[in-house]
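Taking it in order: structure first as C-alpha cells, then the write-up.
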Amino acid sequence: MIDLKQLREDPQRFSERLNLRGEYDIQPILALDQQQRELEETRSQLQARSNQIGKAVGDRMKSGAKPNDPEILALKAEGSALKEQLGELEPQERSLKAEIETLSLGLPNLPSETTPLGKNETENVEIRRWGDEYIPRQEGLLPHWELGEALGILNFERSSKVAQSRFVTLVGAGAALERSLISFMLDRHIQAGYTEVIPPFLVNTASMTATGQLPKFAEESFQCAQDDLWLTPTAEVPVTNLYRDEILSAEDLPIYHCAYTPCFRREAGSYGRDTRGLIRLHQFNKVELVKFVHPSTSAQEHEALVQDAAAILEALKLPYRVLELCTGDLGFSAAKCYDLEVWMPSAETYREISSCSNFQGFQARRGNLRFKETGKKGTQFLHTLNGSGLAVGRTLAALLENYQQPDGSVQIPEVLRPYLGGQLAGQSAIAPTPK
RNA sequence: GGAGAGGUGGCUGAGUGGUCGAAAGCGGCAGAUUGCUAAUCUGUUGUACGGUUCGUAAGUCCGUACCGAGGGUUCGAAUCCCUCCCUCUCCGCCA
C-alpha cells in the first residue's frame with residue numbers, strides 16, 4: 001500500500017516516482033481523499049453533538065426527570081434528527097473510503113532512490129558474475145528435460161495425465177535430489193541465522209492482499225472454490241502474514257525466517273513460454289527467505305539477503321549472475337529487487353532462479369505489520385524483504401545440465417552427497433538406468 | 001458433521017442499556033526511597049483517523065471510531081437482536 005500521507009504531502013514528487021514504473025494517475029485518489037476528510041470532519045462533529053445528547057438525556061433521567069419531560073423529548077427529537085443526517089453521511093463516507101482503498105491497493109510500490117531507471121527487462125543492470133570457471137565447455141549438452149527423461153527421473157507425460165500440462169513427477173533419484181536440495185538449502189539458511197517455519201500452504205484473501213498478490217493478480221493464483229482460500233503462490237505470502245496486524249517491539253527485530261513450501265501458479269498468459277522442462281510449472285518447490293527489519297537497516301539487510309541466496313549457488317558450484325531490476329521491470333510490491341540468474345548450458349543463457357526484493361513499508365502498510373520502540377510514542381511500519389533461496393525445481397534443472405557427463409550420467413554436487421541415502425548413498429553420480 | 005460454552009486493553013479478568021476507552025491485578029515506563037543482583041511507595045501506561053494551537057521537529061489540545069467482524073434496535077450499546085468468523089469441550093469421522 002502506498003503511503004497516503006506521503007502522497008498528500010508531495011503529490012508531484014510521488015507521481016514522478018510512480019511513473020518511473022509506468023502510467024499511473026493519482027489525481028482521483030487525491031480528490032477522493034480530500035472529499036473523505038471533509039466529510040469525516042462534518043460527520044464527526046454531528047456525532048459529537050449526538051453523543052452530547054445521549055449523555056444529557058442520561059443525566060436528566062438520573063436526576064429524576066420523567067421520560068415524557070418536555071426537555072427530554074426535545075433532546076430525543078434532536079437526537080433522532082441527527083441520526084437521520086448521520087445515516088446519510090455515513091454510507092457516503094464508507095463508500096469514499098472503500099474507493100480510496102480500492103484505488104490505493106491497485107498502485108504499485110515506489111521504486112527506491114537507488115533503483116536504476118529503465119523501461120523493461122532489457123534495461124536491467126548486471127551487477128556481477130560468479131563461477132565462470134564452472135561453466136561446462138563441452139559440445140552437445142542436453143536440455144535437462146531430455147536428460148531427465150533419459151535418466152528416468154523426470155516424468156512429464158504421466159503428470160499431465162494425472163493433472164495437466166506444466167506438472168512434473170520426480171522419480172527415484174530425481175525425487176531424492178529434489179528432497180536433498182530442500183534439506184541442504186534449509187540447513188544452510190538455518191546456519192546463517194534464519195528460523196525455519198513450515199507455514200500453511202493455503203492462505204486467505206487478506207493474506208494475499210497484504211503481500212500484493214491481490215487484488216490485481218487474482219488470475220495468477222489458484223483459488224479454492226468453496227472457501228476463502230488460495231493455494232500459496234510463494235512462501236512469501238504465509239510467512240510475511242505470520243505477523244499481520246501485530247505490533248512487535250523493536251527488540252524483536254530483525255526476524256529472519258526460512259521456509260520450504262510448494263508453490264502454485266496459474267501462469268496465465270505465459271502459454272508459449274518455457275513449455276518444456278522444469279522452468280515454468282504450475283507447482284514447484286521453493287525455499288524462501290523472509291526478513292522483518294527496522295526501516296533504518298533494510299538496505300543492508302537486502303544486500304545480505306542476496307548473499308544468503310547466492311551462497312547456495314556457490315556451494316553447489318552453479319555459475320550465476322546478479323541483476324538489479326530497473327524501475328520498469330520491478331515487481332508490483334518491490335521498491336528494489338535483485339535477481340539471481342543461473343547458467344543453463346543447453347540454452348547457453350542465464351535463467352532466473354531467485355528474486356530478492358526489498359518491499360520497504362509497502363507490504364507492512366497493507367498488512368499492518370508494525371513495531372514500537374520503547375520510550376517512543378506511536379508505532380512504525382516495519383520493512384519486509386524476501387528472496388528465493390532458491391527455487392528448487394530450477395536448481396535441479398541447472399544441476400542436471402551443469403553436472404551432466406558425456407556418458408549421460410550426472411555428477412552429484414559434493415555438498416549434496418551427505419543428504420542422499422538409499423541407493424544413492426555414497427554415490428558420486430546418477431547413472432542412466434537400463435529400461 | 002452433531003451438541004454445548006465462549007471471544008473485553010500487552011496478559012489475567014470485572015462489567016447485561018446512560019457518567020465505560022472500559023474496574024482490579026500483573027506486566028511496561030518514569031520518579032522516590034532502602035547500603036546493595038531485589039523490595040516498597042507514588043505517578044503513568046491502547047490503537048487509528050480527522051481537526052487545531054504553538055513549533056523546524058518531538059510534542060500540545062479537541063473531536064470521532066474501535067470491547068472477534070458486519071448489520072440492526074435506541075436519544076444512548078461492551079451490554080439487547082440478526083448474520084458471519086474464530087476458539088474451547090464432548091460425540092462422530094479421520095492422517
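Being a predicted model, the structure only gives us computed values, none of them experimental. Each chain gets a letter, A, B and so on, in the order the sequences are listed, and its residues count up from 1.
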Measure from CG on A:Leu86 to C1' on B:G63 and round the result to the nearest Å.
-> 14 Å
Please measure how far the P atom in B:U87 lies from the corresponding atom in B:C82, and state the result in whole Å.
-> 23 Å
Test salt bridge (charged side-chain N to carboxylate O under 4.0 Å, His left out) applied to A:Lys97 - qualifying residues, sequence neighbours left out = A:Glu93
CZ of A:Arg394 to CG of A:Asn285: how many Å apart, nearest 0.5 Å?
-> 13.0 Å
Scanning all shown strands, the Watson-Crick or wobble mate of B:U89 with both distances under 3.5 Å is B:A3
Pairing partner (Watson-Crick or G-U wobble, both distances under 3.5 angstrom) of B:A24 | B:U12
Answer yes or no: does atom CD of A:Glu88 have more than 12 heavy-atom neighbours from other residues, nucleotides or ligands under 6.0 Å?
-> no
Looking at A:His257 versus A:Tyr194, is the centre-to-centre ring distance below 6.0 Å?
-> no
Please state whether the phosphate of B:U74, meaning OP1 or OP2, lies under 4.0 angstrom from any side-chain nitrogen or oxygen of A:Lys83.
-> yes
Where protein sits on nucleotides 67-72 of chain B, one letter per nucleotide: B base, S sugar-phosphate only, - none, heavy atoms under 4.0 Å | ----S-
Looking at A:Gln47, does any N or O in its side chain come under 4.0 Å of the phosphate oxygens OP1/OP2 on B:A65?
-> yes
Sugar-phosphate means primed atoms, P, OP1 and OP2; the rest is base. With that split, encode nucleotides 47-53 of chain B 5' to 3' as B, S or - using protein heavy atoms under 4.0 Å.
-> SSBSS--
Below 6.0 angstrom between ring centroids: does that apply to A:Phe371 and A:His294?
-> yes
Please list every donor-acceptor pair under 3.5 Å in which a side-chain atom of residues 412-423 of chain A meets a protein atom from a residue at least two apart or in another chain.
residue, atom, partner, partner atom, Å
A:Arg417, NE, A:Ile412, O, 2.8
A:Arg417, NH2, A:Ile412, O, 2.8
A:Tyr419, OH, A:Asp187, OD2, 2.7

Starting at the 5' end of RNA chain B and moving along, which residue's nearest nucleotide shows up first, A:Ala77 or A:Lys55?
-> A:Lys55
Can you list every ring pair (Phe, Tyr, Trp, His ring centres under 6.0 Å) pair that touches residues 298-317 of chain A, not counting sequence neighbours?
-> A:His302-A:Tyr338
Spacing of A:Leu151 atom CG and A:Gln404 atom CD [to the nearest 0.5 Å] | 9.0 Å
Hey, is the side chain of A:Asn51 poking within less than 4.0 Å of OP1 or OP2 on B:G63, counting only N and O atoms?
-> no
So which pairs with a foot in residues 280-290 of chain A pass salt bridge (Lys or Arg N to Asp or Glu O under 4.0 Å), sequence neighbours left out?
-> A:Glu267-A:Arg280, A:Asp274-A:Arg280, A:Lys286-A:Glu288
